[in-house]
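All values derive from a computational prediction rather than experimental measurement. Counting starts at 1 for both ligands and their atoms, following the listed order.
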Amino acid sequence: MRPRLPLRLPARLLPALLPALLSLALGACRPAPGPRAFDYVIGVSMANLTEPWRINMRDEIMAETAHHPDLRMVFTDAADSSARQIQDVGTLLDSGIDLLIISPNQSEALSPVVAEAYRRIPVILLDRSVVGFDYTLFIGPDNRLIGKQAGQYVASLLGAGGGKIVEILGRSGSPPVLDRSIGFQEAIAQQGNITIVDTLVADWLRDKAEDELTSWLKRNGPVDVIMAQNDAMADGARRAAMKLGIQGLRVVGIDGLPGPGGGIELVKSGALAATFTCPTGGKEAVISALDILHHEEGIPKKMILRTSLVTRQSIESGALATFPRPLLPSPDHRIVLGFAQVGKESDWRLANTESIKTAAREAGIELLFRDGEQKQENQIKAIREFIAKEVDVIAFSANVESGWGEVLREAKAARIPVFIIDRPVDEKDESLWVSLMGSDFVEEGRRAARWLIGYLNTGKPVNIVELQGTVGSAPAIDRKIGFEEVLSQYPNYRIIVSQSGDFFRSVGREVMRQILRDLAASNQRMDVLFAHNDDMAIGAIAAMEATGLKPGKDVVIVSVDGIRDAFKAMIAGKLNCSVECSPLLGPQLMKAVKDFMSGKDLPVRIVTSEVVFPAQVARAALPSRKY
Ligand code: AHR
């Protein structure tokens, strides 16, 4: 196929040219029906097209587009101006694009126009996010994590003796600058003997970094490490040190681009001590855009791309950026997946199990399913059984967050890839699994609190009872964090009791019965129940009714999951709100397993797209609920 060229139009020409392009796209110019040249026009609004990393992003988008004859890309270049990018988006929208891909110059400034675009068409955010959730999908790296990994690496480079660092930042106000710096400084702060002696700003530019650092080194003398927020600035820093004849200064960058002058080459030649790959997500954006335009189900809200440390050693050993991939014995080999489930605590879990079993069957994957019966040791035993049976892939949902390192290392040593679904683990080494897919539990807690505050809209004291999930599990820990984070801005809201109901309906009922007795004995009032899942809320509702309380009226109840029974309770006026947490992860997991086995790189984190259901929408929404 002849590679199709990107259209890179100056924004002022777009209104004139796009209607023609779009009428062609829609077949309006054709004399007779026939195959269209392309079915979809995608507007790609770039913050700039001058930085090597962004040029790489554009090239990746075009390389992937070349595989899809039904797509046409129209690029705009905001030349680092938010005002100009706002105009670009307006022009693209007025011209009738089908989907917008945007890498915002600045988050806050671009948020309103992105929200406006999202009201009209799907929007994919690339690399940088906006304020709020008015977009279809975010694809990008976790910049805070990159900064943290860089800090940990620099600490290991300096060793016990410690040392002095100068940090060189990209352009002020650009979102990765703050995130990378916070992550870096957090990691360094844990080392008593390392000091960040100064922070320079070089706007992502090599020559500016060289000039700034040259004058700094002249004034202050040598340091041990330069941490630059991209490879171009790292290269500039290295040049400054060379020019001044400074020996032994180690320079670390971020980006890890391939090709001439890219970070990989700079590390290979010894110019940089290390860099961190920072994928642009261009390819993933095109693939996801097509999925969205084709109305595929299960489009996630966020795809966080994997970053890896690149050193000379990792390049030479071939370990760079690739998770060890097992070789399938033959192309028609039936993939065997071992899945270790948490248990059967809730309707959510039953729906999750069903989703996994059905999706495996439909995908032609052989599933070895083990029920952990709420015990971590059973799950670990199951994973060891899968390793012994030499399954192709292992997946599991972690009953509790901690204590998985050993068994995950055993799986890695056996070269069996692991997928974590639903509940994350608290292991630092992300190379122990391929991908983590599931909900953002912290955000679910925040959503519950935001809904509550909007609903009650009061400055009077509000007494809250919290029913937590399983002690030590990620959803219990994170939902509490998110809920309390929002409440901390409203001192009149107070959690007066917080106990675990273990995510079981029956335990929720028992625990609530006891709480009601205790509150009565101490003459305290409960205004609100926040339950970490719907099942516990439904159990608590039964306990309240047994004492004559009217749940949903005397006590406002908000819980998490969005199971069918919660909708029925909302319709009956007994539950006020359910925050969605989707268990339907089976199809996503099977697709990821197959993609991985066929050689594709996967995001390290895939966050499910979810919403909030207040009681007033329950009746309309119930018929379409799938769990
Ligand atoms: O991990 C997801 C949680 O586990 C669900 O919210 C809860 O119902 C389940 O048991």
**OP:** State which residue, out of V607, L137, T608, I139, fulfils the side chain to side chain contact (heavy atoms under 4.5 Å, CB included) condition with P300.
**Re:** L137

Original post:
So among I421, D347, V342, which one has a side chain to side chain contact (heavy atoms under 4.5 Å, CB included) with N352?
Top reply: I421

Any carboxylate oxygen within less than 4.0 angstrom of a Lys/Arg side-chain nitrogen, looking at [X] and [Y]?
| X | Y | result |
| --- | --- | --- |
| R509 | E545 | no |
| D179 | R144 | no |
| R446 | E485 | yes |

For ligand 1, which atoms have a heavy atom of [X] less than 4.0 angstrom away?
| X | value |
| --- | --- |
| D422 | 1 (O), 2 (C) |
| E345 | 4 (O), 9 (C), 10 (O) |
| R423 | 1 (O), 3 (C), 4 (O), 9 (C), 10 (O) |
| F503 | 7 (C), 10 (O) |
| P475 | 1 (O) |

Original post:
Does ligand 1 have an atom that lies less than 4.0 angstrom from a heavy atom of V560?
Top reply: no

Original post:
Does ligand 1 have an atom under 4.0 Å from some heavy atom of Q374?
Top reply: no

Original post:
Are the aromatic rings of F613 and F567 close, with centres under 6.0 Å apart?
Top reply: yes

**OP:** Verify the ring-centre separation between W404 and F396: is it less than 6.0 angstrom?
**Re:** yes

Original post:
Does N533 reach ligand 1 with a nitrogen or oxygen that is under 3.5 Å from one of the ligand's nitrogen or oxygen atoms?
Top reply: yes

Original post:
Is there any N or O on S346 that sits under 3.5 Å from an N or O of ligand 1?
Top reply: yes

Original post:
Given that the side chain starts at C-beta and the backbone is N, CA, C, O, which of these parts of E444 lies under 4.0 Å from ligand 1, counting heavy atoms, or is it both or neither?
Top reply: neither

Subject >> atom 8 (O) of ligand 1: nearest protein contact (heavy atom, Å) >> reply: D561 OD2, 2.6 Å

Subject >> F276 and Y153 aromatic ring geometry - parallel, tilted or perpendicular at 30°/60° bounds >> reply: perpendicular

